[in-house]
Amino acid sequence: MDNVTHALAGMLLADATISLVTKRTRTTVPDRFRRAAVVLGITAAELPDIDVLYAGSPLRMGPLGYLLHHRGHTHTILWALIGAVLIWMAARWWYRRSPDPGEQQWFATHGATPLLVLAMVGTLSHILLDFTNSYGVHPFWPLDDHWYYGDAVFIVEPWLWVAAIPALLWRPRAMAGRLILALLLVIILAAAWRIGEVARPVAMALTVFAVLWVLAQRMFSNNVRTATGVAAWATVTLVFFAASRSAEASIAERVLNTKAPTMTGAAVAGTLKDVVLTPSAGDPTCWSAMAVSTDGQFYRLTTAVVAPFPSARTVEDCQRAYPAARLQGDPLEVLRASTTLVPFDSSAAVRWRRTWAVPRSEMVALADERCEFVGALRFMRTPVWAEDANGTLTISDARYGVGNGFATVTLPGWPHDCTLTRAWIPPWDPPRSDMLFAD
């Protein structure tokens with residue numbers, strides 16, 4: 001998720017902590033504790049992204065190093081708990097510098113443990129939020145190197161901003177904090193109207209809800225503000241997860257019920273290995289999708305537009321609602337010369353676009369020959385590649401574009417020196433290990 005969303009989650013957790021401490025102690029929480037909770041909550045919610053200090057260029061690992069180490073070791077439960085303790089110790093040190101002995105005693109009695117819990121929940125919230133989209137996390141390292149994907153929430157989801165900011169706006173805080181929150185609300189609403197990624201009806205719904213939610217939150221008590229903000233956030237997330245599961249089922253039904261031709265000319269039902277799903281910003285009724293499938297001999301990547309609730313809104317409605325948005329873009333368009341006819345049937349819920357297919361044996365051969373290719377496969381969920389006459393290999397993760405962008409890596413031709421590369425390649429399980437090894 002974007003860093004503003006993480007910060008908003010940290011602030012909600014901080015406000016919840018303040019409310020719980022107030023209720024438990026039945027005293028007025030000191031201003032110093034309020035400031036400590038908010039700063040700690042935001043810091044904890046952002047802490048796992050500390051990997052930007054070393055991933056890729058800072059340690060001369062290049063683009064491949066960034067792909068492998070961002071959302072890497074710092075995005076694990078182990079690091080989340082260690083990091084939480086470290087920043088809690090820093091907060092405790094700062095609090096103990098208070099010149100008021102009574103305030104120090106209050107913190108030792110009532111505030112230290114709640115801040116530790118806040119730090120732990122805050123760092124874990126970052127991993128949980130990053131799980132909700134299609135980028136993925138591997139939270140259980142070193143016990144499990146598998147990637148986990150939520151495929152449910154857009155990376156900058158405006159409904160989460162609109163749900164959280166009004167609930168934070170009226171809580172006791174400095175005027176500067178309120179102004180920043182108000183500015184963020186204006187920015188996300190302006191972006192919904194201006195950037196073109198949000199359909200006009202969705203932008204209108206966001207705006208109307210934001211106004212009503214701000215007015216409603218003004219009338220609530222502090223405890224109710226926080227509780228309703230968290231509830232609204234959870235509701236948005238659950239709606240998108242429900243839509244994601246419906247979209248995945250629609251893709252699976254089309255793949256499994258369509259017989260595709262094989263290399264020998266025989267028609268067999270495809271085996272669906274993975275579905276990558278990304279919703280339109282603010283809209284759980286329209287999704288872009290990539291289906292990874294195989295007939296046993298070919299690795300197939302097929303793009304599609306999906307309407308998970310076709311009785312209410314068909315895939316044609318989705319395409320009309322987003323004439324110039326990302327939903328209309330097809331990452332496989334640049335490979336149109338090497339794409340094939342889509343072997344699956346469309347429906348009111350699924351409109352297929354293009355299929356890129358190569359023999360699985362080609363992927364296996366490249367993995368055997370090139371250590372950098374294996375390294376790239378430890379991140380890339382939807383790999384596509386092309387090799388020129390000089391042996392230079394360009395490999396892209398189609399989730400983030402083909403041929404350019406941060407998820408494209410150019411690997412030089414022979415000879416290959418793997419000594420340094422192997423030193424910084426982490427042990428993540430390749431998402432497409434299902435294509436590298438026999439069923």
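This one's a predicted model, so the numbers in the text were calculated from it and none came from an experiment.
Annotation: Phe220 is not in aromatic contact with Trp170 [ring centroid separation under 6.0 Å not met]. Aromatic ring centres of Phe240 and Phe154 lie farther apart than the 6.0 Å criterion allows.
Cation-pi geometry between Arg96 and Phe107 is not met: the NZ or CZ atom fails to fall both under 6.0 Å from the ring centre and inside 45° of the normal. For the pair Arg432 and Phe373, the cation-pi criterion (under 6.0 Å, within 45° of the ring axis) is not fulfilled.
Defined by atom type and a distance below 3.5 Å, a donor-acceptor pair is present between the side-chain atoms of Asp283 and Tyr322. Checking Ser288 against Arg353 by side-chain atom types alone, no donor-acceptor pair falls below 3.5 Å.
Here Arg378 does not pair with Asp145 in a salt bridge; the nearest charged N to carboxylate O distance is not below 4.0 Å.
At least one donor-acceptor pair under 3.5 Å links the side chain of Arg178 to the backbone N or O of Leu169. Remark: side-chain polar atoms of Trp141 are not paired, donor with acceptor, to backbone N or O of Thr76 under 3.5 angstrom. Side-chain atoms of Ser293 never come within 3.5 Å of backbone atoms of Leu272 as a donor-acceptor pair (strictly under, hydrogens ignored). Put simply, the side chain of Ser250 never gets that close to the backbone of Pro308: no donor and acceptor are under 3.5 Å apart. At least one donor-acceptor pair under 3.5 Å links the side chain of Arg381 to the backbone N or O of Val275.
Contact annotation: the side chain of Trp193 approaches that of Arg200 to within less than 4.5 Å [non-hydrogen atoms, C-beta and beyond]. When side chains are defined from C-beta on, Leu238 does not count as touching Thr235, because their heavy atoms never get closer than 4.5 Å. By the 4.5 Å heavy-atom criterion applied to side chains, Arg173 and Leu168 are counted as neighbours. The side-chain heavy atoms of Thr132 and Phe241, taken from C-beta on, include a pair separated by under 4.5 Å.
To the nearest 0.5 Å, atoms CG (Leu8) and CG (Leu160) are separated by 9.0 Å. With rounding to the nearest 0.5 angstrom, the CE atom of Met380 is 11.0 Å from the CH2 atom of Trp385. Taken from CD1 in Ile395 to CG in Leu366, the straight-line distance is 8.0 Å, to the nearest 0.5 Å.
Aromatic ring orientation, Tyr148 versus Phe140: perpendicular (interplanar angle above 60°, classes split at 30° and 60°). By the 30° and 60° cut-offs, the orientation of the rings of Phe379 relative to Trp147 is perpendicular.
With Asp51 as the partner, the side chain to side chain donor-acceptor pair (under 3.5 Å) test is satisfied by one option alone out of His75, Arg71, His69: His75.
Heavy atoms of other residues, nucleotides or ligands lying less than 6.0 angstrom from CD1 of Ile195 number 12 at most. In the displayed structure, Arg245 atom CZ is contacted under 6.0 Å by more than 12 heavy atoms of other residues, nucleotides or ligands. Heavy-atom contacts from other residues, nucleotides or ligands closer than 6.0 Å to CZ of Arg97 number 12 or fewer.
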Applying side-chain contact (heavy atoms from CB on, under 4.5 Å), run through Thr228 and Trp213 and close with a yes or a no. CA-CA 10 Å; Thr228 54; Trp213 198 227; 3.8 Å; yes
Assess whether side-chain contact (heavy atoms from CB on, under 4.5 Å) is satisfied between Leu189 and Val162, documenting all intermediate values. CA-CA 8 Å; Leu189 293 176; Val162 170; 4.2 Å; yes
side-chain contact (heavy atoms from CB on, under 4.5 Å) evaluation trace for Asp397 with Tyr135: CA-CA 11 Å; Asp397 191 325; Tyr135 195 106; over 6 Å; no
Verdict with supporting geometry, Trp88 and Met120, side-chain contact (heavy atoms from CB on, under 4.5 Å): CA-CA 9 Å; Trp88 171 75; Met120 290 182 173; over 6 Å; no
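The shortest non-hydrogen separation linking Ala167 to Arg225 is CB-O, 3.4 Å. The two residues Thr123 and Pro48 come nearest to each other via the heavy atoms O-CG, 3.9 Å. Among all heavy-atom pairs drawn from Arg171 and Asn222, the shortest one is NH1-O, 2.9 Å. Heavy-atom minimum distance, Ser134 versus Asp151: CB-OD1, 3.2 Å.
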